[in-house]
Amino acid sequence: MSVEDYKKAALEARNISEINAHITALKKKPEKEFTFKDAALLNNQNDFLRAEIMKRNETISDLSKRANAAFVPVIVYNPDKMQYISDGLARAKIPFVAESNTLYIPDYALETARAISRHYKPSENATSICEQIKLDIDRLVYSSDSFGDLLARLKERGYEIKRGKYISVKAPSAERFVRLKTLGEEYLPKNLERRIAESGRFVDCVRDKAQTANPVEKRFHVTILSVTTAVTQFRLEPKKSNAHRHYCFQNDAQINYLSQQLLTIGEFRITSRDDIYAKAQNLQRTIHKMRSNGENSEPEETNLKRINELIKSYEEIVEGNYIDNLIKAQKSREAAAQRTEKSPKHKR
């Protein structure tokens, strides 16, 4: 309470106490000595007591109904809708249990749950928001010391956190909270703790390989480390190799592309820049000769494509523009997407 509210409550309690003391004194007097005012005061107290008893009986009835209520399952396949109904039930102070795609609700509250459900309007970008939340968490895994630290870093990025039996987060651009458990198994607190504990292994492995790598390989290892840094610093928006898996460095499309170049380097035993161009020239001669003899040159053509891809990426790395080019391409895509959203045709 505020000081003012406390004073008002204290004064009211004092007045009630004085009235009750006066009524107690009246009850000890003979009825013939009652004044009209005394009789009215006693009647008012009786009316008040009757009202209080009725309220108490209603409360007892309601509590009994709740205590004896059976919980019935309500299946909700849409995580966003489930969160909306859960929030509504919580505001109405109705107990419930939420499992993967099922809400267990007391039978007396089914109509309330249906009413809340009818008011649900799907968010146009609910799916994309969930994907962005997952990607933000995936990236913060690599810079967090613990699950609590991860939540703190989400708050720094403008997220709201709701703690309780189930932890929920709300992205800066979102309308509603999203429970971590609805994002998938990999986003449960215990699994996030595990992922955080294991998060340094990939970078340590790349650094170890760089120690014994030849000069060409070392440039690619260093570039992979630069990609991981740009991703965790939120300078570079990563893309997953496998869209159905959570993001991690092993599922980063750009890192996997660079890893493919390392495989090419190892397979063709390349140790210098000259080796790359010499291999390309040898393959071109071999392909020309095989075609002249009517032989199948497809395997060699595939190898040449791999070497040409290696040349392209290697030159970008040597020039020192590899990460900068990735970031520029990303900004160009974002600008194009914004122009599309603002265009009248898109709005219609």
Side-chain angles (χ1 to χ4, degrees), residues 79-80 82-83 86 98 100 125-211 221-259 322-323 326-327 330-331 334:
D80 187 53
M82 176 177 268
Q83 185 63 48
S86 298
S100 55
N125 57 349
T127 302
S128 60
I129 285 175
C130 283
E131 287 302 316
Q132 190 59 53
I133 291 172
K134 289 196 284 187
L135 190 57
D136 285 349
I137 291 173
D138 292 336
R139 295 160 86 176
L140 288 174
V141 159
Y142 288 100
S143 56
S144 301
D145 298 323
S146 64
F147 177 65
D149 185 35
L150 187 149
L151 294 181
R153 290 175 185 273
L154 279 172
K155 287 185 76 173
E156 288 174 3
R157 297 197 62 78
Y159 277 78
E160 292 180 46
I161 311 295
K162 190 188 288 183
R163 296 175 183 269
K165 183 178 179 182
Y166 302 108
I167 295 175
S168 302
V169 299
K170 185 172 146 205
S173 58
E175 297 175 7
R176 290 187 276 277
F177 280 86
V178 174
R179 287 184 181 175
L180 292 183
K181 65 179 292 183
T182 66
L183 297 175
E185 286 290 319
E186 288 296 326
Y187 300 91
L188 293 174
K190 63 177 182 179
N191 289 331
L192 286 170
E193 286 281 13
R194 171 185 54 77
R195 289 171 61 188
I196 290 168
E198 298 171 353
S199 62
R201 292 182 182 177
F202 180 86
V203 170
D204 289 344
C205 182
V206 175
R207 284 181 179 149
D208 288 344
K209 288 180 179 178
Q211 296 297 320
H221 287 306
V222 170
T223 304
I224 287 173
L225 292 175
S226 297
V227 171
T228 64
T229 301
V231 167
T232 55
Q233 291 178 347
F234 283 76
R235 291 189 295 119
L236 180 63
E237 187 85 1
K239 183 180 178 182
K240 295 190 284 188
S241 295
N242 183 344
H244 301 293
R245 287 184 59 218
H246 71 277
Y247 173 81
C248 56
F249 291 152
Q250 293 91 332
N251 192 28
D252 184 294
Q254 193 56 48
I255 290 174
N256 286 335
Y257 170 79
L258 293 168
S259 298
Y322 194 85
I323 302 297
L326 290 178
I327 294 172
Q330 172 185 303
K331 288 180 177 178
E334 290 172 354

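What's counted below: heavy atoms across the whole structure, side chains too, no hydrogens, waters or symmetry copies. Quick caveat, the model's predicted, so the values are computed rather than measured.
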Exercise. How long is the span from the CZ atom in Arg179 to the OH atom in Tyr166, to the nearest 0.5 Å?
Worked result: 6.5 Å
For this session: Please examine the side chains of His221 and Leu225, heavy atoms only from C-beta on, and report whether any two atoms are closer than 4.5 Å.
Result: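 Result no, sub-4.5 Å side-chain heavy-atom pair not found.
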For this session: Start with the C-alpha distance between Tyr187 and Ile137, add both sets of side-chain angles, then the distance that settles side chain to side chain contact (heavy atoms under 4.5 Å, CB included), and finish with yes or no.
Result: CA-CA 8 Å; Tyr187 300 91; Ile137 291 173; 4.0 Å; yes
Exercise. Got more than 12 heavy atoms from elsewhere within 6.0 Å of NZ, Lys162?
Worked result: yes
For this session: Enumerate the residue pairs fulfilling side-chain hydrogen bond (donor to acceptor under 3.5 Å, both in side chains) with a member in residues 194-205, sequence neighbours excluded, ordered by first and then second residue.
Result: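 Qualifying pairs, neighbours excluded: Asp138-Arg195, Glu186-Arg194.
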Exercise. If you take all heavy atoms of Ile133 and Ala171, which pair is closest and at what distance?
Worked result: CG1-CB, 4.0 Å
Exercise. Looking only at heavy atoms, what is the nearest atom pair of Gln254 and Val227, with distance?
Worked result: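 Smallest interatomic distance, heavy atoms only, reads CG-CG2, 4.4 Å.
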Just by distance, do the side chain of [X] and the backbone of [Y] share a donor-acceptor pair under 3.5 Å?
| X | Y | answer |
| --- | --- | --- |
| Asp252 | Pro238 | no |
| Thr182 | Val178 | no |
| Lys240 | Arg245 | yes |
| Asn256 | Gln250 | yes |
| Asp149 | Asp145 | yes |

Exercise. For Lys209, which residues count as a salt bridge (charged side-chain N to carboxylate O under 4.0 Å, His left out) partner, sequence neighbours excluded?
Worked result: none
Problem set entry | Sequence neighbours excluded, every pair satisfying ring-ring contact (aromatic ring centres under 6.0 Å, His included) that has a member inside residues 131-165 |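 Listed by first then second residue: Tyr142-Phe249.
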Exercise. Quick one: is the NZ or CZ of Arg139 closer than 6.0 Å to the six-membered ring centre of Tyr247, and within 45° of its axis?
Worked result: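 Output no; distance or angle outside limits.
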